[in-house]
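Below is one structure, written out as structure tokens, with a few remarks after it.
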Amino acid sequence: MAALDRVKVLVLGDSGVGKSSLVHLLCQNQVLGNPSWTVGCSVDVRIHDYKEGTPEEKTYYIELWDVGGSVGSASSVKSTRAVFYNSINGIILIHDLTNKKSSQNLYRWSLEALNRDAAPTGVLVTNGDYDREQFADNQIPLLVIGTKLDQIPETKRNEVLTRTAFLAEDFNAEEINLDCTNPRYLAAGSSNAVKLSRFFDKVIEKRYYLRDGNQIPSFSDRKRFGGGALKTLHYD
């Protein structure tokens with residue numbers, strides 16, 4: 001079997017929001033029984049069929065880099081964490097729907113990963129004046145996922161989901177809300193599964209396809225033809 005091309009997707013968010021549980025569900029299609037704290041970074045792989053069901057269908061590896069730590073960490077910790085932010089093709093931002101602070105911190109996580117020096121001017125989820133211009137020129141596909149949906153009381157659910165919808169809009173990203181302990185939220189054919197597939201397709205497209213729809217030669221193609229000018233395309 002030929003080697004599959006790959007893309008690198010960061011999974012970012014506060015400790016305890018369920019990043020490891022989500023990554024396990026996405027890659028193993030099963031619930032993580034005993035989640036533990038991630039130290040440094042943990043990497044798992046999901047196999048994804050790009051443009052599934054079409055003549056352009058092709059299989060890729062999606063590397064999901066689950067980055068541990070706190071967004072408020074000391075600068076030395078952030079410096080160490082920065083090594084994981086090299087050559088990224090997409091970012092999944094995870095927040096706990098029952099913890100408003102974890103939602104607000106997604107702005108800081110994204111700015112850290114995108115290597116921006118500016119701090120947010122406000123936080124839309126609390127006062128409506130967040131400066132979305134900071135992400136206007138961002139070319140890296142983003143996806144916002146809210147966890148612990150099952151823990152929101154029915155009486156509060158509409159209020160919480162309305163607030164988080166604005167959060168996703170700020171990032172110009174689609175939004176998925178789920179419970180990581182219940183695989184049905186990502187069942188094949190569900191709206192969440194469609195959004196997830198669309199996000200991974202976009203990540204692959206940005207990495208491997210030109211604007212005119214032509215494919216950028218892959219690693220296996222470069223090996224076959226001996227590299228040449230294509231050596232300017234870098235891989236980790």
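Scope of the values below: all heavy atoms of this structure, side chains included, with no hydrogens, waters or symmetry mates.
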* Which is it for Glu174 and Leu196 under the side chain to side chain contact (heavy atoms under 4.5 Å, CB included) test, yes or no, and what are the steps along the way? -> CA-CA 9 Å; Glu174 286 201 283; Leu196 188 67; over 6 Å; no
Spatial distance of atom [atom1] ([X]) from atom [atom2] ([Y]) [nearest 0.5 Å]:
X      : Y      : atom1 : atom2 : value
Ser197 : Asn192 : OG    : CG    : 12.5 Å
Leu142 : Asn172 : CG    : CG    : 8.0 Å
Arg157 : Glu154 : CZ    : CD    : 4.5 Å
Ser190 : Arg184 : OG    : CZ    : 10.0 Å
Leu93  : Ser102 : CG    : OG    : 11.5 Å
Leu97  : Leu161 : CG    : CG    : 6.5 Å

Check: [Y] and [X] side chains under 4.5 Å, non-hydrogen atoms:
X      : Y      : answer
Asn182 : Asp150 : no
Pro153 : Lys156 : yes
Leu25  : Thr181 : no
Val9   : Phe199 : yes
Val17  : Asn99  : no
Asn177 : Ile145 : no
Glu205 : Lys51  : yes
Val11  : Val67  : no

Quick check: does any side chain N or O of [X] sit under 3.5 Å from a backbone N or O of [Y], one acting as donor and the other as acceptor?
X      : Y      : value
Lys19  : Gly13  : yes
Thr147 : Asp179 : no
Gln28  : His24  : no

Can you confirm whether the side chains of [X] and [Y] place a donor and an acceptor under 3.5 Å from each other?
X      : Y      : answer
Tyr107 : Asp170 : yes
Glu175 : Thr164 : yes
Asp66  : Ser42  : no
Asp14  : Trp109 : yes

* Asked: Given Asp96, which of Lys101, Gln151, Lys148 fulfils the side-chain hydrogen bond (donor to acceptor under 3.5 Å, both in side chains) condition?
  ->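 Per the side-chain hydrogen bond (donor to acceptor under 3.5 Å, both in side chains) rule, the option paired with Asp96 is Lys148, out of Lys101, Gln151, Lys148.
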Determine, using the 4.5 Å side-chain heavy-atom cutoff (strictly less than), whether [X] and [Y] are members of one ILVMFWY cluster.
X      : Y      : value
Leu114 : Tyr85  : yes
Ile92  : Leu32  : no
Val194 : Leu26  : no
Val31  : Leu186 : no

* Measure centre to centre between the rings of Phe200 and His48, then say whether the value is under 6.0 Å. =>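 Yes, the ring of Phe200 comes within the 6.0 Å limit of the ring of His48, centre to centre.
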* Asked: Are Tyr50 and Tyr208 an aromatic pair by the rule of ring centers under 6.0 Å?
  ->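 No, they do not, as the ring centres are separated by 6.0 Å or more.
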* Partner of Val7 under side chain to side chain contact (heavy atoms under 4.5 Å, CB included), chosen from Ile204, Leu64, Ile88 ->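 The single option meeting the side chain to side chain contact (heavy atoms under 4.5 Å, CB included) with Val7 is Ile204.
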Where is the tightest heavy-atom contact between [X] and [Y], given as atom of each residue plus distance?
X      : Y      : answer
Ala193 : Ala187 : CB-O, 3.3 Å
Leu106 : Leu12  : CD2-O, 4.3 Å
Asn89  : Pro141 : O-CD, 3.3 Å
Leu4   : Thr59  : CD2-O, 3.6 Å
Ser103 : Arg163 : OG-NH1, 3.7 Å
Phe84  : Leu10  : O-CD2, 3.4 Å

* **Of Arg207, Arg6, Lys8, Arg46, the residue whose pairing with Glu63 passes salt bridge (charged side-chain N to carboxylate O under 4.0 Å, His left out)** =>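 That would be Arg6.
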